[in-house]
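Let me begin by presenting the structure, written as structure tokens, before commenting on it.
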Amino acid sequence: MSALGLLLSLGYLGPALLFPGALTHLLGLGVLALVALGRADPRARALALTFLTLGFTLSLWKSGNTLGLIGLVGVLVALTTLPRIPLWIRALLGLAILLVSVPLAGFANTFIFELGIQIGIYAAMALGLNVVVGMAGLLDLGYAAFFAVGAYTWAIFGSPQARNFLQGNFPLPGEYMYLFMLVAIVTTAFTGLLIGFPALRLRGDYLAIVTLGLGEVVRILANNLDHPINFTNGPQGITPVERPPIDWFRDLTAALGLGLDRTTDYQLFFYLLVLLIIGIVVLVNLNLANSRFGRAWTAIREDEIAARSMGIPLFPTKLIAFMTGAAFSGAMGVIFAAQRTFVSPESFTLLASITILAMVILGGMGSIPGAILGAAALTILNLDLLKTFSEFVRTNLPQIPSQVDPAKYERLVFGLVLVLMMIFRPQGLIPERRHRAEMEEA
């Protein structure tokens, strides 16, 4: 099996270079499945993953077909989960995919940059919700409220909107976006304190219902705070929101031989910025999981009565988890507002909260790589696969009525994904070690 997987992955380089496209990507995905699921020597498997990474990169660069991005995500999952692959190979291949393969594909198809940015934003929020739901076991159905608070924190002051109730030179210069990321962390943590103080005295379904209601309160406030004083501009939203100047970034890329135009400079910049934030969030999550707070959250999740009998203060510990998860979401809200240059209440609905929760459940509650994988899977499904399938249906099957357009059934698809996960793999795609042990015992 080692030799077969290695030969097939090496042979995949030819079609990837000569016949790039959807069929070639599907072939590569099949080879990747064989390499990942079959028994193989770790060195042969690492070499096969290297060849597949090169093949997906070449095919993406030549064709721009987004199926290749799924292949690269699959390679990252294999590097994360497969045993006995040397750490330096995992790190080198992972960095090559994130810093070389995806940018090259983005230059061929700028939508890949947009997809990568959205995956990063949702991955950071999924990691934040993973602290609340996965580590502490607190069911939060209003998580998008913190995302909204972070986005509006920068959108109001980074646009002319602040002139409606303050005197000063607005919008603030784009450089202030970095400062407002810190401001949003504080603002959303304080919002988490205000929401969590009454809500976290409840448990289970009652907590879920209260957080759902409080999350909707934040969205409705954003929708209606356009009178008597216009804070949020109501349902019309706020635009244009300032972006940070990136002349230094253009000079840096020019020195490296990358000639960026106005369609790719900000996309590459925000993609790399999101990667940097994801790295920081992952490090914080790892330190939290191994800290005194992380162990206390795990104890509360497993058994509140036992945790309290061991001297863990339940309410303050839950409140810290709630505020920590909110802070991650607030920082990404600022990036979301600057990248889109537009913020409206429609981006922070109940469906957004449920989508982020579905990412955590799909990947595996409490699992850091699982949360990232869940975010990547559902973002690609929503932004790419469903819409691509809808375009195929409209183009090739015009006799099918528009009422059955696949893109209109996003909520149905998410529901089916969750139901199937609960039936066939309740521990998630990449389960946490403790959850995996519990499921094996059961």
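- Of the listed residues (I368, V360, V284), just one forms a side chain to side chain contact (heavy atoms under 4.5 Å, CB included) with L127, and that residue is I368.
- The residues E175 and R243 are annotated as not salt-bridged, no charged nitrogen and carboxylate oxygen being separated by less than 4.0 angstrom.
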Query raised in the report: Going through the checks in order, is the side chain to side chain contact (heavy atoms under 4.5 Å, CB included) test met by V73 and L373?
Result: CA-CA 8 Å; V73 171; L373 174 60; 4.2 Å; yes

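- Within the 4.5 Å cutoff, the side chain of M421 has no heavy atoms near those of the Q427 side chain.
- Looking only at distances, no side-chain donor or acceptor of R295 sits under 3.5 Å from a matching main-chain atom of A289.
- A heavy-atom distance below 4.5 Å is not found between the side chains of R219 and L350.
- One distance of note links CG of L378 with CD1 of I356; it measures 11.0 Å at 0.5 Å rounding.
- Residues T232 and D226 approach most closely at OG1-N, 4.3 Å, considering heavy atoms.
- D140 approaches V133 most closely through the heavy-atom pair N-CG2, 4.1 Å.
- By the 4.5 Å heavy-atom criterion applied to side chains, Q118 and L383 are counted as neighbours.
- Of the inter-residue distances, the one linking L60 atom CG with L72 atom CG reads 5.5 Å to the nearest 0.5 angstrom.
- E346 contributes atom CD, which lies 11.0 Å from atom CG of L351 (distance to the nearest 0.5 angstrom).
- Using the six-membered ring where Trp is involved, F348 and F147 have ring planes that are perpendicular, over 60° apart on the 30 and 60° scheme.
- Between L273 and M177, some side-chain heavy-atom pair lies under the 4.5 Å cut-off.
- The shortest non-hydrogen separation linking Q161 to I238 is CG-CD1, 3.9 Å.
- Panel note: side chain S291, backbone G294; a donor-acceptor pair is recorded below 3.5 Å.
- Each of F322, F190, F328, Y152 was compared with F146 under the ring pair (Phe, Tyr, Trp, His ring centres under 6.0 Å) criterion, and only F322 meets it.
- In this structure, CH2 on W61 lies 13.5 Å from CD1 on I112, to the nearest 0.5 angstrom.
- Annotation: the span from Y176 atom OH to L172 atom CG amounts to 6.5 Å, rounded to 0.5 Å.
- The distance between the ring centers of F165 and F231 falls below 6.0 angstrom.
- Closest heavy-atom contact between P240 and P160: O-CD, 4.0 Å.
- When atom types are taken as modelled, the side chain of S353 and the backbone of A144 share a donor-acceptor pair closer than 3.5 angstrom.
- Two rings, from F197 and F315, have their centers less than 6.0 Å apart.
- In Y206, the OH atom is not crowded: 12 or fewer heavy atoms of neighbouring residues, nucleotides or ligands sit closer than 6.0 Å.
- Using a 4.5 Å cut-off on side-chain heavy atoms (C-beta onward), L139 and V132 make no contact.
- With hydrogens and angles disregarded, a donor-acceptor distance shorter than 3.5 Å links the side chain of S367 to the backbone of I430.
- T211 contributes a side-chain N or O that, together with a main-chain N or O of A208, makes up a donor-acceptor pair within less than 3.5 Å.
- A donor-acceptor contact shorter than 3.5 Å links the side chain of R163 to the backbone of F170.
- Between the side chain of T153 and the main chain of V149, a donor-acceptor pair closer than 3.5 Å is present.
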Report task. Take T53 and S101 through the test side chain to side chain contact (heavy atoms under 4.5 Å, CB included) and record every step on the way to the result. Result -> CA-CA 8 Å; T53 300; S101 300; 4.2 Å; yes

Requested in this report: Before giving the answer on ring-ring contact (aromatic ring centres under 6.0 Å, His included), spell out for F107 and F113 the whole-Å C-alpha distance, their side-chain angles and the decisive distance to 0.1 Å.
Outcome: CA-CA 8 Å; F107 292 134; F113 274 136; 5.7 Å; yes

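- Contact of the W154 side chain with the E242 side chain is registered, since non-hydrogen atoms from C-beta on lie closer than 4.5 Å.
- Under a cut-off of 6.0 angstrom, the local environment of CG in D205 is sparse, with at most 12 non-hydrogen atoms contributed by other residues, nucleotides or ligands.
- Annotation for A126 and M359: closest pair CB-CB, 4.3 Å, computed over non-hydrogen atoms.
- A 6.0 Å sphere centred on CZ of F293 holds no more than 12 heavy atoms belonging to other residues, nucleotides or ligands.
- Nearest approach of A377 to L362, heavy atoms of both residues: CB-CD2, 3.9 Å.
- Listed for the Y271 side chain is no donor-acceptor partner under 3.5 Å among the backbone atoms of E114.
- Side-chain contact check for V282 versus I372: some heavy-atom pair is nearer than 4.5 Å.
- With hydrogens and angles ignored, the 3.5 Å screen pairs no side-chain donor or acceptor of N233 with any backbone N or O of Q236.
- Between Y178 and P244 the shortest side-chain heavy-atom distance falls below 4.5 Å.
- Note that CE of M332 and OG1 of T188 are 12.0 Å apart. Values are rounded to the nearest 0.5 Å.
- Crowding of L286 atom CG: a count of heavy atoms from other residues, nucleotides or ligands under 6.0 Å exceeding 12.
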**Report entry** Verdict with supporting geometry, L288 and W297, side chain to side chain contact (heavy atoms under 4.5 Å, CB included)
**Finding:** CA-CA 10 Å; L288 283 174; W297 292 335; 4.2 Å; yes

Query raised in the report: Which is it for M422 and I361 under the side chain to side chain contact (heavy atoms under 4.5 Å, CB included) test, yes or no, and what are the steps along the way?
Result: CA-CA 9 Å; M422 292 302 99; I361 295 173; 3.5 Å; yes

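- Taking the six-membered ring where tryptophan is involved, the planes of F157 and F180 are tilted, since the angle between them lies from 30° to 60°.
- A distance-only check finds no donor-acceptor pair linking the side chain of N130 to the backbone of A371 [under 3.5 Å].
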